[in-house]
2 protein chains.
Amino acid sequence: MKIDPNSSANLSAQIAKAIRDSIVAGDLIIDQRLPSEAELADYFQVSRPTVREALKRLAAKSLIRTQRGATGGAFVNRISFEEAYSDHVTTSTLLLSMNAVSFDTACEARYALERACAPLSALRRTPDQLATMRGEILRQSQPSLTDESFCESDVAFHRALVDGAANPVLSYQLAGSIEAMQPLMNMITFSARSREKIISLHSQITDAIETRDGTAATLGLNDLEAETRSLATSVFADRSP
Amino acid sequence: MKIDPNSSANLSAQIAKAIRDSIVAGDLIIDQRLPSEAELADYFQVSRPTVREALKRLAAKSLIRTQRGATGGAFVNRISFEEAYSDHVTTSTLLLSMNAVSFDTACEARYALERACAPLSALRRTPDQLATMRGEILRQSQPSLTDESFCESDVAFHRALVDGAANPVLSYQLAGSIEAMQPLMNMITFSARSREKIISLHSQITDAIETRDGTAATLGLNDLEAETRSLATSVFADRSP
DNA sequence: TGCTTTTTAAATGTCAGACTTTTAAATGTC
DNA sequence: GACATTTAAAAGTCTGACATTTAAAAAGCA
């Protein structure tokens, strides 16, 4: 079933890999209980702390969950989209910051992907999602809003737009592009004039989504991308000299 | 800097979270060395095994790497796109299988996102990427190819297409949609006739990419999606009764 | 002096054994 | 039969030790 060569190094990593492979391959079914730590230690011929380190590695990836008590143990975990969401956002955020991805590159990816969702969202959005979009636009119109809150609302708006496509895979993948951009967006200072323009484009997009006009929504996103990028360009130009 | 309430439970998870937050917040810079396990144990007032479990959790997410020896220790790790790639594919694959995502849903997401890349790929693809696409088409034309290898080549073709957009963020996000579909695609038996049609569409798309015609490439992907979905529908219809 | 070799110390990796806490099931009592 | 008590299994945690790796310091030598 699972083997473990004693050569080379890092037993806990090897054990974690062996168990992970079994899960990915489907040998271990969802909610299935793994052997107890003591049994695993015996099976792999290592100590319990080593097994525990391996299990913690798997728990960190949400591949297993552990439960204390009499009928406790480690169980293969069902990875839900909601759970995976925040992890994906964190990783994407770190990828952007650690690899010095430019604002343009991140922005281009974000809007390219978001345009892909627009036609589907126009087709399927629920009244609730439409109301969320309108609500966020209203919130963005409050002049007292800080730049950070403005960005936050912007993310909520776009998230509703994407969720409108009613495709969990799209929502999940898009999360990494939209939410991960927030730190970059937070570097921008939004003037009253630029906020006004963004809000107007948001309204335009929402109108298109409301009237089931996917093409118009896509065009609106085009304009919004252009506006965002020119805004960023001017902000960064002002700052560097 | 980092705190740790002794209430509730799971110390290693709390410690891992504290350190992760420090990394995400930028308090811990890339390649910076964390305190030694003994120092961390002293700081958090826990034992060394508990600290180690926390560090293994972080290592599982590639947030840190550990090094043995005199100047060794745990270091904040630079997460590269290449590294994150395979993790993202694994997670996406598990998300699809564990949540019983339908072929249609996954397929729709995949092609929607891929169409987003097509115009950029038409603009920026290198001769190398074009050659890769042509090469994969050639490979797909060999009748002796197994269905699994055909799918593998299909993934390679689409990956080259996406990479042509020269945007690492797009390539990364798309990986989760394209490669994660492979297990679903492997359930399909490709007749000679259906292979022929897919190859023809691949050629059509490649031609469009070669002539920098983003619109034609997008239309080609539209047709390919329709073809793939109808193929899947008929295969699954044949199988269920 | 300058180079090579040896030693040393610091750090992670691993182990063994014990104790604590949680939890559910078995048992006992009314 | 319903409720309280006991019990056992399992994860969570701690202590202390030893093994292994690695780079830098120390020693030896030409």
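Keep in mind the model is a prediction, meaning the values are calculated, not measured.
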Exercise. Can you figure out which of C:dA11, D:dT13, C:dT23 approaches the side chain of B:S36 most closely?
Key: C:dA11

Exercise. Any strand is fair game: report the nucleotide pairing with D:dC29 by Watson-Crick or G-U wobble, both distances under 3.5 Å, or none.
Key: C:dG2

Self-check item: Closest non-hydrogen atom pair between B:C117 and B:V162, with its separation
Solution: SG-CG1, 4.1 Å

Quiz item: Are any of B:T66's side-chain N or O atoms less than 4.0 Å away from OP1 or OP2 of C:dA11?
Solution: no

Quiz item: Which listed nucleotide (D:dA11, D:dT15, C:dG13) is nearest to the side chain of A:R52?
Solution: D:dA11

Practice problem: Write down the atom of B:Q129, the atom of B:D163, and the distance for their closest heavy-atom approach. | Solution: NE2-O, 3.3 Å

Quiz item: Can you tell me how far C1' of C:dA24 sits from CZ of A:R33, to the nearest Å?
Solution: 13 Å

Quiz item: So, for B:S171 and B:Y85, which heavy atoms are closest and what is the spacing to 0.1 Å?
Solution: O-CE1, 4.0 Å

Quiz item: Starting at the 5' end of DNA chain C and moving along, which residue's nearest nucleotide shows up first, A:Q45 or B:T71?
Solution: B:T71

Exercise. Report the residue (A:P49 or A:G69) whose heavy-atom-nearest nucleotide on DNA chain D is the more 5′ of the two.
Key: A:G69

Exercise. Indicate, yes or no, whether a donor-acceptor pair under 3.5 Å links the base of D:dT22 to the side chain of B:R68.
Key: no

Quiz item: Ion pair present between B:R65 and B:D31, side-chain N to carboxylate O less than 4.0 angstrom?
Solution: yes

Quiz item: The side chain of A:N10 lies closest to which of these nucleotides: C:dC15, C:dG13, D:dT22?
Solution: C:dG13

Practice problem: May I ask you to say what A:R65 touches in the nucleic acid, namely base, sugar-phosphate or nothing, with a heavy-atom cut-off under 4.0 Å? | Solution: nothing

Quiz prompt | Base of C:dT14 paired with side chain of B:R48 (donor-acceptor, under 3.5 Å) | solution = yes

Exercise. For B:L40 and D:dT13, give me the distance from atom CG to atom C1', rounded to whole Å.
Key: 17 Å

Quiz item: Now, which nucleotide makes the Watson-Crick or G-U wobble pair with C:dT27, with each of the two distances under 3.5 Å?
Solution: D:dA4

